[in-house]
Amino acid sequence: MIAIEGVGKRFSGRDGGAVQALEDVSLTVAPGEFVAVVGASGCGKSTLLRLIAGLVAPSAGRVAIDGAQVTGARTDTAMVFQAPTLLPWADVLKNVTFPMRLMRRAGPGTEDAARALLARAGLAGFEGRLPRELSGGMQQRVAICRALLQQPRILLMDEPFGALDALTREEMSLELLRLWTESPMAVVFVTHSISEAVLLADRVIVMSPRPGRVVDDVAIPLPRPRSFDQEGLPAFQAAARRIRDHIFRGQAARAAA
Ligand SMILES: Nc1ncnc2c1ncn2[C@@H]1O[C@H](COP(=O)(O)OP(=O)(O)O)[C@@H](O)[C@H]1O
Ligand SMILES: [Mg+2]
């Protein structure tokens, strides 16, 4: 469904210098698959998501969805950014329904569906609040509801739980898995938490430090539904160790350079 073929991304800096953020990245994601991406800060994870979302164009290679090259934002793709990006003047409910209204997909059931998602995210009673009246973690949960309401075929999530406390993070992880089971969407989930990646994903893509390349593609053979109890299983620990080894090898190589 998503096909990334030999993709490179180079940014030119203001001082004339250039940053090679990604180099020769190839990756495919099947319909309904849950893929996590892990790697050190600055290795190009956010850039990779922006390329899939059509928000930036590759400098080399090709990004395609269903065989068609991605040339801009698509209505079947939703993204949750690393920092919550809510409309400051609109209340929580209006923020969640905004893309649906923008795409003229809002119908009689849209508001009820939005309220139901907000309730599942622990935000019942906050529908009429403004973003500035919420904590960062609550704002991020609103942004997640906004993406899910669109019932996207492709959900791109950039460290979506980074601003949440540990308990809320666990709750939201399991809720995300429940929602994913209920509606068939491909998920590309960026995180710097190895255990979160293993808990959630069918496959974990490990990226090298800059320039980001794919150094491993680890299948997670754990049964679903997933639960935190599985963290004790040998298969969980073996996958986590394999990923951690790559990341520490990358860090050691950088320290030596
Ligand atoms: N718009 C941009 N202009 C210039 N450099 C950028 C831009 N976006 C990202 N970069 C650079 O590309 C590299 C990868 O960034 P990013 O994709 O945000 O990494 P990550 O999400 O893994 O932390 C970094 O060195 C970053 O500074
Ligand atoms: Mg990032």
Side-chain angles (χ1 to χ4, degrees), residues 2 4-27 29 34-63 70-73 77-86 136-137 139-141 143-144 146-147 154-164 169 172-173 176 186-198 200-201 203-218 240 243-255 257:
I2 307 175
I4 299 166
E5 294 158 3
V7 161
K9 180 64 189 175
R10 208 175 156 79
F11 291 107
S12 37
R14 258 164 303 185
D15 54 1
V19 175
Q20 187 77 32
L22 294 172
E23 193 161 275
D24 197 20
V25 170
S26 295
L27 174 67
V29 179
F34 199 124
V35 172
V37 178
V38 299
S41 166
C43 75
K45 303 182 296 298
S46 296
T47 302
L48 182 64
L49 284 193
R50 285 170 190 276
L51 283 159
I52 300 171
L55 302 176
V56 296
S59 323
R62 182 178 128 97
V63 179
V70 173
T71 52
T77 302
M79 178 138 167
V80 177
F81 293 90
Q82 206 165 343
T85 48
L86 303 179
Q139 291 181 31
Q140 188 64 334
R141 283 183 272 154
I144 293 168
R146 180 179 59 186
I154 300 176
L155 177 62
L156 306 171
M157 304 185 89
D158 195 355
E159 304 193 28
F161 304 150
L164 305 184
R169 194 175 179 129
M172 289 297 291
S173 304
L176 173 64
V187 181
V188 184
F189 185 100
V190 166
T191 176
H192 53 241
S193 164
I194 294 171
S195 56
E196 187 170 81
V198 175
L200 294 174
R203 284 159 59 208
V204 179
I205 307 300
V206 188
M207 291 179 61
S208 66
R210 209 172 55 225
R213 302 169 201 259
V214 175
V215 291
D216 204 357
D217 185 337
V218 183
I243 297 163
R244 196 172 292 119
D245 282 351
H246 282 295
I247 289 173
F248 284 135
R249 211 173 296 148
Q251 283 177 354
R254 265 188 305 173

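Order of appearance sets the numbers: ligands from 1, and atoms from 1 within every ligand.
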State, with a plain yes or no, whether a side-chain heavy atom of [X] is found less than 4.5 Å away from one of [Y].
X: R169; Y: S193; result: yes
X: M157; Y: L176; result: yes
X: S46; Y: V190; result: no

Return yes when at least one protein heavy atom is under 4.0 Å from atom 26 (C) of ligand 1, and no when none is.
no

Determine, counting only non-hydrogen atoms of the protein, whether one lies under 4.0 angstrom from atom 17 (O) of ligand 1.
yes

Does ligand 1 have an atom that lies less than 4.0 angstrom from a heavy atom of S41?
yes

[atom] [closest protein heavy-atom partner, distance rounded to 0.1 Å]:
atom: atom 20 (P) of ligand 1; result: G42 N, 3.5 Å
atom: atom 9 (C) of ligand 1; result: F11 CE1, 3.4 Å
atom: atom 12 (O) of ligand 1; result: A21 CB, 3.5 Å
atom: atom 19 (O) of ligand 1; result: G44 N, 3.2 Å

Looking only at heavy atoms, is any part of T47 under 4.0 Å from ligand 1, and if so is it the side chain, the backbone, or both, or is it neither?
both

L48 vs V188, test: side-chain contact (heavy atoms from CB on, under 4.5 Å). Steps then yes/no.
CA-CA 10 Å; L48 182 64; V188 184; 5.7 Å; no

Within S46, is some N, O or S atom less than 2.8 Å away from the Mg ion (ligand 2)?
yes

State, to 0.1 Å, how close [X] and [Y] come at their nearest heavy-atom pair, and which atoms those are.
X: L51; Y: K9; answer: CD1-CB, 4.4 Å
X: A143; Y: V80; answer: O-CG2, 4.0 Å
X: G39; Y: K45; answer: O-NZ, 3.0 Å

So for ligand 1, is R210 a polar contact partner (N or O within less than 3.5 Å, distance only)?
yes

Heteroatom distance test (Q82, ligand 1): nitrogen or oxygen, under 3.5 angstrom
no

Is the backbone of E196 close enough, under 3.5 Å, to the side chain of T191 for a donor and an acceptor to pair up by distance?
no

